[in-house]
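Okay, so here's the structure we're looking at.
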Amino acid sequence: MAPTDLLKTLGLSRNPFTDRTAEKTNIDPLSLYIHSDLRGFRPNETTYIFFGRRGSGKTTIRLQIQEAYKLANASVTGTSKGHFIVDMATPGHMTACLTTFQQYLGAGLDNWDASFSEAWRTSDVVDCILSYTATALVKKVTKPDEEGRAMLEALRSDPRISRQFLLLSHLYARTDTASLAQIRRALLLPRYTPGQVSVAVAIGVSSVAGVAALSKNDDVSCFVGDQATWVQGKACEAVPLLGTHPKLVALGTSAVGLAASLYYLRWRVGRARSRAEVLQRGVRVVASQPVEPLAALLALLFSSADSAETIRALCIGDSAHQKLELLRGLVQLLGYESLAVFGDCFDEVTLLDPVRFPGAMKAFAREVCRNDLLNFGRLHFFFPDSRLALDLNTDRTLKEARFDRHFVRDLAWSRHQLEELAERRFRAAQQQLKDEANSQGLPSFNPMVSEAAISFTDLFQKVRGEDFSSYLAKLTTPRELMIMMTEMFSRIEANPEGGLTAQDMEIAVSKAQEQSV
């Protein structure tokens, strides 16, 4: 009887085709098919955009690029912290942003597709980036460790950037009010230094002492009394009521003065609050913090003559590129070399589900693919369909996106690439078993690590070469390949003596096409 221990027979440490998602796959160059123009990737200023169906390898490429950034960050020397990574694929981030945007529009699920397509803008995409960055920086700054203290010192060294960070944290960070209060205490300098306060107190004390000393002089007292009597007489001539009812006039004057002061104070508070609300309304993807702390913050940082539009232009930015430029200046002051953005798994966000909301995904991709944003550099976006399916091949989009200036690829797999990927996975699993055995000191004649282990091509002895290629030609993504190979392994294990037939291949391909969505 033929052995039923398939992994032992094939000399594999495990089934190399069960990892169907990139997050659960070991990013090992030996087991992956790496496209020639991405081989040896190093962080650079290029913008990368990938299009492809689910399972076409987008996330694997994204993880490989992120790994290159991690290696670059680990190799930095001196005070540099490397590149600041904005990972928009972080679970929950885009969901929170779009849920807040939905609440801002007041849209329901029944009209979400149309509402989103009409209202979503490139600035909202950048605001999602700002929200991620502000939230991460607030967490770092408020930690009581050496890094947090160093970042606060760097912010204090530049009042302009400090002001920018205060506004970003209050407008974009998803954090609690206690953390924001901690940042205000750390970065807001008192209006007057201790030295200035001491001088003011000394002047006040000296003035009181001087007045007290002069009041004891008879000549001075008589002169002041005469002047006061003359002024009172003139006032009574001008306002007769002052002479007949002085207390009533004093009470009325005090009441008018108090009313005017209260009105002016209320006007100032209302104006400051209105300015803060205008700034908050410009951010549609983050829930607003209480407006009172922001209004008080603006009163401390800016003149009352500065409008909300002026403040936004100076500290936040108006266009997508300007916002990212200001953000890059902030992270560079904090010790980072640059800002690198990754956007992936958009189809896993409920409100961008391409099945339920096909128009929303197209609108989202359209607003990302604008040269004003893409020209910033170090952007890496991965979309769950082809450019044609996302309506990005129109003349207008091509002019707005300028794809010719950026690295753009539609991920399509040939049968030759899929076959090489399968063989790479197979050989990497065999090599892993040998490495494990060698590390444990197992003898070379151990059957589990025998050099005579079956090769990948031996699996298809009963399938003609042209038939094998024709079956692979029916597959279009690596995920379909993984499903097909898993099904083939299952059939070999169930029938070890019969081998793999053309009929088995046909069934495996059919299941792969059915299960891969």
Measure the shortest side-chain to side-chain distance between [X] and [Y] over non-hydrogen atoms and say whether it is less than 4.5 angstrom.
X    : Y    : answer
H321 : L373 : no
Y172 : L167 : no
E325 : F376 : yes
T476 : Q513 : no
L301 : L166 : yes
L421 : M482 : yes

Atom [atom1] of [X] and atom [atom2] of [Y]: how far apart are they, to the nearest 0.5 Å?
X    : Y    : atom1 : atom2 : result
T99  : Q103 : OG1   : CD    : 6.5 Å
H406 : T46  : NE2   : OG1   : 10.0 Å
C315 : R163 : SG    : CZ    : 4.5 Å
K58  : D347 : NZ    : CG    : 6.5 Å
F165 : L334 : CZ    : CG    : 7.0 Å

Can you establish whether the number of heavy atoms outside R39 located under 6.0 Å from its atom CZ is more than 12?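 Yes, the 6.0 Å shell around CZ holds more than 12 heavy atoms from other groups.
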Check I85, L63, T90 against F342 for a side chain to side chain contact (heavy atoms under 4.5 Å, CB included) and give me the one that passes.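 Running side chain to side chain contact (heavy atoms under 4.5 Å, CB included) over I85, L63, T90 with F342 returns exactly one hit, I85.
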Residue pair G82 / V76: nearest heavy atoms and the distance that separates them: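 Minimum heavy-atom separation between G82 and V76: CA-CG1, 3.8 Å.
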Between [X] and [Y], do the side chains contain an N or O donor and an N or O acceptor separated by less than 3.5 Å?
X    : Y    : answer
S386 : D410 : no
S338 : R378 : yes
H93  : R174 : no
D306 : S303 : no
R328 : Q332 : no

Is the shortest distance from a Lys or Arg side-chain nitrogen in [X] or [Y] to a carboxylate oxygen in the other one below 4.0 Å?
X    : Y    : answer
E420 : R424 : yes
D113 : R356 : no
D404 : R402 : yes
K511 : E514 : no

With a 6.0 Å cut-off on the ring centroids, do H380 and Y69 count as close?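 Judged by ring-centre distance (under 6.0 Å), H380 and Y69 do meet the cut-off.
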Within the 6.0 Å centroid threshold, strictly below: F346 and F383: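 Centroid separation for F346 and F383: below 6.0 Å.
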Parallel, tilted or perpendicular: rings of H35 and Y33 (30°, 60°):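 The rings of Y33 and H35 stand perpendicular, inter-plane angle above 60°.
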Give me the one residue out of D124, D127, D372, D318 that meets salt bridge (Lys or Arg N to Asp or Glu O under 4.0 Å) with K323.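 When D124, D127, D372, D318 are each tested with K323, the salt bridge (Lys or Arg N to Asp or Glu O under 4.0 Å) holds only for D127.
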Passing option when E400 is tested against R366, R370, R405 for salt bridge (Lys or Arg N to Asp or Glu O under 4.0 Å):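 Exactly one option meets the salt bridge (Lys or Arg N to Asp or Glu O under 4.0 Å) with E400, and it is R370.
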